[in-house]
Amino acid sequence: MDKRYNPVEVEEKWSAIWEKRRLKNSGSDSTFSQVIPPPNVTGTLHMGHSFQYAIMDFYTRYHHMNGKDAYWQVGADHAGIATQMVVENNLAKEDKSKDDLGREEFLKEVWAWKEYSEKNITSQIKRLGCSVDWKKYRFTFDDDFNKAVNKAFVDLYKKDKIYRGYRLVNWDPSLKTAVSDLEVYRQEKEGKLWYIKYPLHGKNEFLTVATTRPETMFGDMAVAVNPKDKKYSQYIGEYIDLPFVGRKIPIIGEDYVDASFGSGCLKITPGHDFNDYEIGKKLCLHEVDGVIKTSKNIEDFEPISIFDDNAYSNNSVPDNFKNLDRFKVRKLVLEELEKLGLLEKEEKHQISIPRGERSDIVIEPKLSYQWYVKTKDMAAKANEAVNSGKIKFHPENWLKTYFNWMNNIEDWCISRQIWWGHRIPAWYDEDGNAYVGLNEEDVRQTYNLGNLPLKQDEDVLDTWFSSSLWPFASLGWPEQTEDLKKYFPTSLLITGFDIIFFWVARMMMMSIEFTGKVPFENVYVTGLIRDENGQKMSKSKGNIIDPLDLIYGIELEDLVKKRTSNLMQEKIANKIERKTRGQFPKGIDSYGTDALRMTFYSLATHSKDISFEFGRLKGYRNFCTKVWNAARFINNYSEYNQTFISKDKSDEWIYAEFNKSIKQIKRNVESYRLDYAINEIYEFFWNKFCDVYLEECKKSGNTENLRPLLKEILLVLHPFAPFLTEEIHTILFDDPIL
RNA sequence: GCGUCCAUAGCUCAGUUGGUUAGAGUACCUGCUCGACACGCAGGGGGUCGUUAGUUCGAAUCUAACUGGACGCACCA
């Protein structure tokens, strides 16, 4: 044995062995199962993945060693929008767009990328020593999974839990697709509130409306005032002549209007604002010969849409405002209003702008046909499972976050106007009637359509729709496979708090819907890995650490290159380079996977942000060396007991301490406190076993118990540091642990 | 607006039911090349536990207010 432990060599050896095997306790009637949150095939894995996989692997090995039939389902996610964006960006570098290629050719490109990314990801998972069965690998867009997705869609449709609706959605003008509420974030910003004078019809008077979005005035269909507002209530029933357009729009009374805000008059633009849409719907606003009318018939409701898919003004606006970007329209509208003397004033105003989480572009509410899942009933059932204790959250306080969202859940828009994803299993005839079925043949038979020309829906499903089926579909559903029977519901789900709504809640709803069972019994919600200052790791901040660089180490020049290449803004490269050189003047050392794993466990506290810190990593690398050297020392004694037999006070003491530690560790592991657990074994090994017991043994010469005790310790340590312990165990006992 | 979380050593964090002198890793200081390990050993310094008031025999821990910070949800045009 070398004086220093060389993790890289040892780890490469064992990970190559482990990737070919499958942990099995087939005789056991008690199982432990979990599914991997399938990583997106968008590139490579980051620290957050490594962190969570380290914990998942811990639990898999731990339960396996405790006699359970432990199973960890592995796989990857096709990640619709995210992956499509990566491939589109790659094409853009060659000055090509997806439309140049066409749908079929483009999808070929995406599949090629998927292969590339998948190879990276799987090799990384293997390198971390994850005990998964690679023969059971699943991809959310493989053929069987596609069937499961179609079946889920069709079943929900038949149960009237999926419907198609024409309404306002969050439209991403850069991706040109609808996105769900969750995929929109709000940016707080200082904006402006413009006061615009709207001329009253047949009078030489004006009503002043206040708006943050003057460009949408072409879509105005009413002006609303509060009926209790004495200043304006007399105008209810009169009309406005909408400037530029000449449309006659009614002045209506609406309790929703806050008389004290702005001018107290609110312009109603049902085609471009969610609140206005609701008001417009209530009054069934529609235009007849340049006049907006109200009615009691919901069929009449017809909002005016003034932007196209790119958020450029369309034919519903006057000629000189046509075919312009919405922000240019705004500028022009303000200029023209000014010229007409209709712009009364502008005020500074705090606004929150909706932006697409992927594209960062300002979301434009847009009228369109989309598919929706009715969520209220499903959410109620999921909540019931939580309330009855069938699903437990760890730590529990995440329940509040969960309920906060679930109790106010809205229908889920699941259609996306992109190409990479599960095509919606709906077919249309020439009149636009939709038929839903597993495939075209199924549709023709079910609806008795004969040879009627049919065209499949061009849209694909939200990625989270397929992800929500993952816990059971990855195990074989809708087939009643052995795996499904044995490992479902799964025991544990380990995931970050950031996807409780996106994923955890939706898995719960879908699982109960389709299997009648909860998807998992326990949810261990982890924090998110941040840099050493608690900052989110991102390419643009230049603070990304690749877990592989911690395992293998990296030269400074390579690290600088890695951090400064492919930046969106070239300007920040210098800053990042300086920062990197300052922080890592000698590059990054090689620490090995076990040290990294143990660092992750020690950081797995119950806080939301987890600052990754090199001090810890160094400490655990030192610990690995310590364990190695203790083993090397013990290996020098050729006489030893087969099992631990207490001979003196020192023996009794260490064995009692060891048993205390084992008990603590068990307790901590079961309560999802791996930070306590790792600390316990660390402290026992270093402070008690090495510093005290080993020294006592040297003095007394009673060294026969060292070897059997080390063997026992290695077993306890194994799920924390699998490579190191396997190597030592094999050297000293000529036999691997697992 | 509603809600959640955080503030403890230079740094990053624990503090598991309210109970001795508040802990760990790292960094720092002083000795040690003495046969496992200098990625080590033996010592050491370093904290008014964000502020204030309260509950209590006893508070880092419970309560309230405040200050500073992170985040989630819903939003007034």
Side-chain angles (χ1 to χ4, degrees), chain A residues 1-5 7 181-182 185-186 188 193-196 209-214 216 220 223-224 254 256-269 273-276 279 349-352 354 395 397-410 497-498 500-501 527-528 530-536 589 591-592 595 598-599 602-637 664 667-668 671 673 675-676 678-680 682-683 686-687 690-691 694-695 698 706:
Chain A
M1 291 171 84
D2 293 337
K3 196 167 162 183
R4 272 217 193 151
Y5 173 58
D181 300 340
L182 283 177
Y185 75 92
R186 295 275 174 167
E188 298 290 329
L193 189 60
W194 287 276
Y195 288 72
I196 304 170
V209 300
T211 179
T212 54
R213 300 204 60 200
T216 63
D220 285 0
V223 167
E254 197 31 80
Y256 164 82
V257 178
D258 180 353
S260 64
F261 185 89
S263 64
C265 293
L266 173 61
K267 68 187 205 63
I268 302 296
T269 322
D273 182 280
F274 289 98
N275 292 314
D276 293 3
I279 293 169
H349 180 58
Q350 203 64 23
I351 50 171
S352 78
N397 54 326
W398 286 111
L399 276 177
K400 284 184 187 161
T401 307
Y402 164 86
F403 279 120
N404 190 275
W405 187 68
M406 283 296 253
N407 292 335
N408 299 299
I409 197 165
E410 296 290 330
F497 69 83
D498 54 331
I500 290 177
F501 307 145
L528 266 26
R530 312 255 116 121
D531 78 358
E532 66 284 352
N533 300 314
Q535 294 286 313
K536 196 170 170 178
D589 255 5
Y591 293 89
M598 288 192 281
T599 302
S602 79
L603 295 174
T605 64
H606 281 179
S607 74
K608 275 161 82 168
D609 296 321
I610 298 170
S611 306
F612 186 82
E613 197 224 341
F614 279 81
R616 293 279 172 125
L617 185 59
K618 193 167 174 184
Y620 282 102
R621 181 190 56 184
N622 296 353
F623 181 64
C624 288
T625 309
K626 187 75 180 174
V627 174
W628 177 259
N629 275 301
R632 190 160 74 96
F633 177 67
I634 292 165
N635 197 30
N636 286 333
Y637 291 97
Q664 275 300 327
R667 195 178 133 210
N668 294 328
S671 57
R673 287 306 299 257
D675 55 328
Y676 291 165
I678 188 69
N679 195 45
E680 184 70 34
Y682 179 100
E683 203 194 327
W686 202 311
N687 302 343
C690 290
D691 290 353
L694 234 151
E695 294 302 323
K698 275 191 212 167
L706 284 171

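Throughout, protein chains are lettered first and strands after them, A, B, ... in sequence-line order, and every chain is numbered starting at 1.
Checking side-chain atoms of Asp531(A) against main-chain N and O of Gly534(A) turns up a donor-acceptor pair under 3.5 Å. Remark: side-chain polar atoms of Asp258(A) are paired, donor with acceptor, to backbone N or O of Ser260(A) under 3.5 angstrom.
To the nearest whole angstrom, the two C1' atoms, one in U52(B) and one in A9(B), are 24 Å apart. Comparing the same atom, P, in G45(B) and in A24(B) gives a spacing of 13 Å after rounding to whole Å. The P atoms of G15(B) and G1(B) are separated by 32 Å, rounded to the nearest whole Å. Atom C1' of A42(B) sits at a distance of 30 Å from the matching atom of C49(B), rounded to the whole Å. One P atom belongs to U16(B), the other to C71(B), and the distance between them is 27 Å to the nearest Å. To the nearest whole angstrom, the two P atoms, one in U20(B) and one in U4(B), are 31 Å apart. With P as the reference atom, A7(B) and A60(B) are 15 Å apart, rounded to whole Å. U21(B) and A65(B) have their P atoms separated by 32 Å, with the value rounded to a whole Å.
Residue Trp628(A) is tested with Lys3(A), Met1(A), Arg4(A) for a side-chain contact (heavy atoms from CB on, under 4.5 Å); the sole match is Met1(A).
Under the side chain to side chain donor-acceptor pair (under 3.5 Å) criterion, Ser671(A) pairs with no residue, sequence neighbours left out. Residues passing the ring pair (Phe, Tyr, Trp, His ring centres under 6.0 Å) test with Phe501(A) are Trp405(A), sequence neighbours excluded. With sequence neighbours left out, the side chain to side chain donor-acceptor pair (under 3.5 Å) criterion links Tyr637(A) to no other residue.
For the residue pair Arg632(A) / Asn635(A), no side-chain donor-acceptor distance below 3.5 Å is found, with atom types taken as modelled. Residues Thr269(A) and Asp220(A) have side chains that bring a donor and an acceptor to within less than 3.5 angstrom of each other.
In terms of position on RNA chain B, the residue among Thr212(A) and Trp405(A) whose nearest nucleotide sits closer to the 5' end is Trp405(A). Each of Asn397(A) and Leu182(A) has a nearest nucleotide on RNA chain B; the 5'-most of these lies closest to Asn397(A).
Under the 6.0 Å cut-off for aromatic ring centres, Tyr620(A) and Tyr591(A) do not qualify, their centroids lying 6.0 Å or more apart. Residues Trp398(A) and Tyr402(A) place their aromatic rings such that the two centres sit no closer than 6.0 Å.
If you check every strand for non-hydrogen atoms under 4.0 Å, Glu410(A) touches nothing.
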Worksheet item: How is the base pairing of RNA chain B summarised as a dot-bracket string, given the Watson-Crick and G-U wobble criteria with both distances under 3.5 Å, [ ] for crossing and | for another strand?
Response: (((((((..((((.....[...)))).(((((.......))))).....(((((..]....))))))))))))....
Practice prompt. Starting at the 5' end of nucleotides 8-18 of chain B, put B wherever the base has a protein heavy atom under 4.0 Å, S where only the sugar-phosphate does, and a dash everywhere else.
Written response: ---BBBSSB--
Item to complete: Can you check each nucleotide of nucleotides 36-47 of chain B against protein heavy atoms at under 4.0 Å and return B for base, S for sugar-phosphate only, - for none, in 5' to 3' order?
Response: BBSBSS------
